[in-house]
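Below: the structure, in structure tokens.
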Amino acid sequence: MKKVGILFGKEDTFPWAFIDRVNELGKGKVVAEAVKIDKVQQGVHYGYDVIFDRISQDVPFYRAYLKNAALMGTTVINNPFWWSADEKFFNNCLMTQMGIPVPKTVLLPSKERPDDTTEQSFRNLDIMDWDYIFNYIGFPAYMKPFSGGGWKSVYRVTDAQDLWDKLDETGQLVMMLQEEIKFTDYYRVYCLGQKYVRIMPYAPENPHHLRYATQPRTTGEDYDKLMEKITDLTIRMNQALGYDFNTVEFALRNGVPYAIDFCNPAPDADINSVGEENFEWVVEHAAKLAIEKALENKAGFSGNVSWGDFIKNAVKENNSTKSTSKKNLKSSPTKTLATSVKRKIKRKPGNSGL
């Protein structure tokens with residue numbers, strides 16, 4: 001029997017529905033429960049084949065627990081090691097390398113210095129080229145934490161003075177400034193297992209409980225092409241990042257879907273906000289994914305967590321380079337190498353060495 005756990009906080013509708021669905025679909029071969037933690041000893045496996053993580057972004061104790069679990073062979077969704085390293089500004093940088101449309105974005109230093117730093121800590125930081133930044137991004141624009149979520153500390157700024165005023169409220173947060181995409185259509189997209197995709201019309205300007213209560217504004221053949229494009233982009237992005245449970249937001253401008261937000265590895269799944277149909281889809285597919293991962297789980301194997309193509313390709317290229325270097329070294333006989341070195345050393349009078 002395989003065991004699935006879900007780690008969660010205040011949310012109440014998704015976790016219990018997920019547990020019930022896994023137990024229904026698992027047919028006794030895979031069972032699910034709320035994760036129970038009464039101790040965390042290093043290097044000990046606590047019995048879960050799969051853990052769905054919905055809360056460790058807010059609870060460092062849980063994040064450490066999950067890393068230990070992953071090391072001991074648990075499949076953690078999402079990968080706690082990558083989640084600890086990932087942030088929104090990097091994601092934007094990666095998407096530009098992949099040729100995926102994203103808003104123009106720049107990184108801003110924090111308004112206040114971090115604790116235990118002085119002016120000397122920032123001797124490499126020159127005076128910011130604000131004229132270039134403002135001309136590049138334009139106004140109005142959005143200012144948001146380079147690493148964060150839940151629409152916390154997100155500001156719309158209309159001009160330079162507005163930016164200065166709102167920057168005063170950000171304290172030690174490192175922010176990024178992003179161009180405003182004036183969209184004609186907007187979608188939020190669930191992606192599970194880097195293959196299950198659910199595209200949902202979304203209205204970010206509405207109150208939270210009404211953001212999913214909207215309809216697509218694109219119609220006909222254009223709508224069909226757009227859905228195909230968004231599906232392809234969503235899968236590519238999540239394969240690159242390695243997330244198995246994520247949402248991506250797209251804003252449509254001049255027929256082009258711009259990826260706005262795609263670092264949501266504990267996305268909203270509450271029935272009261274996403275609606276019954278979307279809720280049913282995410283519960284069903286999250287349960288399917290959990291069962292698939294549980295059955296695939298290799299006991300004691302620390303490689304059960306998902307890594308994105310970005311990391312896997314980097315490791316592959318690095319190993320390939322090392323392998324080539326070793327071959328080149330082996331192809332050069334030691335005797336020849338030593339002889340070459342000796343010839344470059346000039347003897348001095350009275351030198352009895354080389």
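These numbers come from a predicted model, not from an experiment.
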Between Ser84 and Arg63, do the side chains contain a donor N or O and an acceptor N or O under 3.5 Å apart? yes
Using modelled atom types only, decide if a donor and an acceptor are shared between the side chain of Asp270 and the backbone of Glu11 within a distance under 3.5 Å. no
Using modelled atom types only, decide if a donor and an acceptor are shared between the side chain of Asn135 and the backbone of Asp131 within a distance under 3.5 Å. yes
Validate the cation-pi geometry between Arg54 and Phe245: distance from NZ or CZ to the six-membered ring centre under 6.0 Å, angle to the ring axis within 45°. yes
Six-ring centre of Tyr48, Lys3 cation under 6.0 angstrom, axis tolerance 45°: yes
Would you call Arg188 and Asp261 a salt bridge, taking side-chain N to carboxylate O under 4.0 Å as the test? no
Pairing donors with acceptors under 3.5 angstrom, does anything connect the side chains of Glu33 and Asn23? no
Indicate whether any N or O donor in one side chain lies under 3.5 Å from an N or O acceptor in the other, for Gln178 and Thr105. yes
Any donor-acceptor pair under 3.5 Å from Asn304 side chain to Phe301 backbone: yes
Please work out which of the three classes, parallel, tilted or perpendicular, describes the rings of Trp164 and Trp130, given edges at 30° and 60°. perpendicular
What pair of heavy atoms forms the shortest contact from Asn68 to Gly43, and how long is it? OD1-N, 2.9 Å
Main-chain N/O of Ala70 paired with Thr74 side-chain donor or acceptor, under 3.5 Å: no
Could you go through Phe90 and Phe310, starting from their C-alpha distance and side-chain angles, then the distance that decides it, and tell me whether this counts as ring-ring contact (aromatic ring centres under 6.0 Å, His included)? CA-CA 12 Å; Phe90 166 77; Phe310 165 73; 5.2 Å; yes
What is the ring orientation for Trp307 with Phe81, classed by angle as parallel under 30°, tilted 30 to 60°, or perpendicular over 60°? parallel
Residue pair Glu249 / Tyr186, side-chain donor-acceptor N/O under 3.5 Å: yes
Give me the ring orientation class for Phe279 and Phe14: parallel if the planes are under 30° apart, tilted from 30 to 60°, perpendicular past 60°. perpendicular
Compute whether any side-chain donor of one residue and acceptor of the other, for Ser306 and Asn79, lie under 3.5 angstrom apart. no
Looking just at side-chain N and O atoms, do Asp165 and Gln161 make a donor-acceptor pair shorter than 3.5 Å? yes
State, without any angle test, whether Tyr155 and Asp162 hold a side-chain donor-acceptor pair at a distance under 3.5 Å. no
Indicate yes or no: does Lys288 engage Glu292 in a salt bridge with an N to O separation below 4.0 Å. no
Heavy-atom closest contact (Tyr46 atom, Gln41 atom, distance): OH-N, 2.9 Å
CG (Asn254) and OG1 (Thr184) are apart, to the nearest 0.5 Å, by 7.5 Å
Interatomic spacing from CZ in Arg253 to CD1 in Ile260 - rounded to 0.5 Å: 8.5 Å
Using the six-membered ring of Tyr136, assess whether NZ or CZ of Lys104 lies under 6.0 Å from its centre and within 45 degrees of the ring axis. yes
CA sep, side-chain torsions, deciding dist, call: Tyr258, Phe250, ring-ring contact (aromatic ring centres under 6.0 Å, His included): CA-CA 5 Å; Tyr258 284 79; Phe250 290 96; 9.8 Å; no
Distance-only, no hydrogens or angles: does the Asp185 side chain make a donor-acceptor pair with backbone N or O of Thr218 under 3.5 Å? yes
Going through the distances and angles, do Tyr196 and Trp281 end up as a side-chain contact (heavy atoms from CB on, under 4.5 Å)? CA-CA 10 Å; Tyr196 300 127; Trp281 184 93; 4.0 Å; yes
Do Asn78 and Asp53 pass the side-chain contact (heavy atoms from CB on, under 4.5 Å) test, and can you show the C-alpha distance, the side-chain angles, and the key distance before you say yes or no? CA-CA 6 Å; Asn78 286 292; Asp53 174 20; over 6 Å; no
Do side-chain atoms of Asn238 reach the backbone of Gln194 as a donor and acceptor pair under 3.5 angstrom? no
